[in-house]
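Read the structure below first, then the notes.
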Amino acid sequence: MTRPRAVLAMNPRLVHAVFDDAALARLRRAADIDTGQVLAELDSARSRDALAGAEILVAGWDAPVVRAEHLPGTERLRAVVYAGGVAATCLEDPAAFAARGVVAANARAANSGPVAEYTLAMILLANKRVLAEERRYRASRTLPDHFGAYAGRGNYRQTVGIVGASTVGRAVLGLLRPFDLDVLLYDPTLTAEQAAALGARLVPLDELMAHSRVVSLHQPLTPATRGRIDAGRLALMPDGATLVNTARGAVVDQEALLAELRTGRIDAVLDVTDPEPPDPGSELWTLDNVVLTPHLAGSLGGELHRIGDAVADEVERFAAGRPFAHPEDLAASARTRVW
């Protein structure tokens, strides 16, 4: 059986971060691919020749975008496998490829585990106010009144709100199951029965914001979700509540969030911001009630190899004539277009 031709397209320095030697060997067995050639641009004659011969585009973070002028040289392309969340990010016109029958897969599921683990850790820590108490302890060098100072805190029968039953959102819901928490869920695409099957109670967004001690965001960034967590919804959060954002910075109105955080009324755990990183003069760097991390909730270090293995799995499936395990609808991605 003839192996399909494939080409790598991403930031070259990421190849060995994502693919260990075993995963690269699997790619070479499944496809006719030179894993030493990585397309960082598509405008040179060498790159265009490589793209023109490819049936599978194995792309990843910082991949060059296949633009309209490249389309005539991609007649052989049949599949895009993306080492990241959305394969369509490397296509200027995903719908054009979908119309030609090009199929796609992404490694979003492989990346969801680390994000969910980070989120779970931050939820449990937030409910006990661990990070704030660590700062207080260093400053005071005295023990608190454990029976009087922490009323309403802890992880027993606390209410946690999950916004978005995305791949990551569902993974977080799964990790929350062993704990004695009341979990609320907002997702307009689900029924109450579907939410219950995920271990949560489906509620309107405003109700979730008003009743959750921790609100964790997991919705995609689309025109409809941009800025949806606005001043009005932030004001609904109970005093002492925590907002956790591992989704995209722009799903939150950043100015409204800053205004609310300045009061000290709520806390925030922000792994993503808009812009990213925040401006050097932003108060997010200095506010005591903000935990700011550099977009590290997702895969890093050895965790990246899970993504490489997932990509190798999909290439093997395609080469064997089997459907992708984690397909992406390029036409649907084209309709949302904001990720």
Side-chain angles (χ1 to χ4, degrees), residues 61-62 65 82 84-95 106 108 111-112 115-116 118-119 122 161-172 184-190 202-210 212 214-237 241-262 266-279 281-284 287 290-298 328-339:
W61 291 300
D62 296 336
V65 175
Y82 192 72
V86 183
T89 55
C90 66
L91 306 173
E92 184 179 62
D93 187 358
N106 61 54
R108 182 184 303 154
N111 194 43
S112 65
V115 183
Y118 172 104
T119 302
M122 292 302 179
I162 303 298
V163 180
S166 61
T167 302
V168 174
R170 289 168 186 257
V172 172
L184 306 181
L185 173 64
Y186 168 74
D187 191 306
T189 70
L190 296 186
L202 192 68
V203 296
L205 181 55
D206 286 358
E207 181 178 340
L208 181 148
M209 299 295 294
S212 299
V214 179
V215 174
S216 189
L217 306 180
H218 301 286
Q219 66 272 52
L221 177 60
T222 68
T225 64
R226 181 179 289 276
R228 178 176 280 171
I229 309 301
D230 57 14
R233 291 197 165 109
L234 291 168
L236 293 172
M237 296 180 70
T242 300
L243 180 74
V244 179
N245 190 5
T246 60
R248 287 291 183 268
V251 302
V252 181
D253 181 325
Q254 298 291 288
E255 289 304 315
L257 177 61
L258 264 175
E260 196 68 62
L261 290 170
R262 286 188 195 108
I266 65 170
D267 297 340
V269 177
L270 306 176
D271 191 52
V272 290
T273 56
D274 183 35
E276 194 173 80
D279 292 331
S282 172
E283 293 170 78
L284 292 177
L287 286 168
V290 175
V291 174
L292 193 61
T293 57
H295 205 144
L296 55 71
E328 177 179 326
D329 184 340
L330 289 177
S333 293
R335 287 193 293 272
T336 57
R337 201 56 220 177
V338 181
W339 302 294

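The structure displayed is predicted, hence computed values, not measured ones. Reckoned from all heavy atoms, side chains included, excluding hydrogens, waters and symmetry mates.
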Test item: P220 and V86 side chains (from C-beta on) under 4.5 Å apart, heavy atoms: no
Gap between atom CG of L221 and atom CG of D274 - 0.5 Å precision: 8.0 Å
Interatomic spacing from OG1 in T273 to NE2 in H295 - rounded to 0.5 Å: 9.5 Å
Main-chain N/O of A87 paired with E328 side-chain donor or acceptor, under 3.5 Å: yes
Sidechain-backbone polar pair: E283 side chain, L258 backbone, donor-acceptor under 3.5 Å: no
Stepwise side chain to side chain contact (heavy atoms under 4.5 Å, CB included) test for Q219 and I229: CA-CA 11 Å; Q219 66 272 52; I229 309 301; 4.1 Å; yes
Heavy-atom check, side chain of V251 versus side chain of V272, under 4.5 Å: no
Least distance between heavy atoms, A165 atom then D187 atom: N-OD2, 2.7 Å
Atom pair CG/CG of L185 and L208 - distance to nearest 0.5 Å: 7.5 Å
Closest approach of S216 to T119 (non-hydrogen atoms, all atoms of both residues): OG-CG2, 3.1 Å
Non-hydrogen atoms of M237 and L243 that approach each other most closely: CE-N, 3.9 Å
Side-chain donor or acceptor of N245 paired with backbone N/O of L270 under 3.5 Å: no
Minimum heavy-atom distance between L217 and A247, given as atom pair plus value: O-CB, 3.6 Å
Side chain R233, main chain R228, donor-acceptor under 3.5 Å: yes
Intermediate values then yes/no, side chain to side chain contact (heavy atoms under 4.5 Å, CB included), T225 and R248: CA-CA 10 Å; T225 64; R248 287 291 183 268; over 6 Å; no
CA sep, side-chain torsions, deciding dist, call: T246, Y118, side-chain hydrogen bond (donor to acceptor under 3.5 Å, both in side chains): CA-CA 9 Å; T246 60; Y118 172 104; over 6 Å; no
Side-chain donor or acceptor of D271 paired with backbone N/O of L296 under 3.5 Å: yes
Heavy-atom pair of closest approach, residues L91 and V65: C-CG1, 3.9 Å
Value rounded to 0.5 Å, distance of CG in L234 from CG in D253: 7.5 Å
Residue pair L261, L284: steps toward the side chain to side chain contact (heavy atoms under 4.5 Å, CB included) verdict: CA-CA 9 Å; L261 290 170; L284 292 177; 4.0 Å; yes
Side-chain (Q254) to main-chain (V252) donor-acceptor, under 3.5 angstrom: yes
Spatial distance of atom CG (L202) from atom CD1 (I162) [nearest 0.5 Å]: 13.0 Å
Gap between atom CG of L205 and atom CG of L184 - 0.5 Å precision: 11.0 Å
Nearest heavy atoms of A88 and P94, plus distance in Å: CB-CG, 3.6 Å
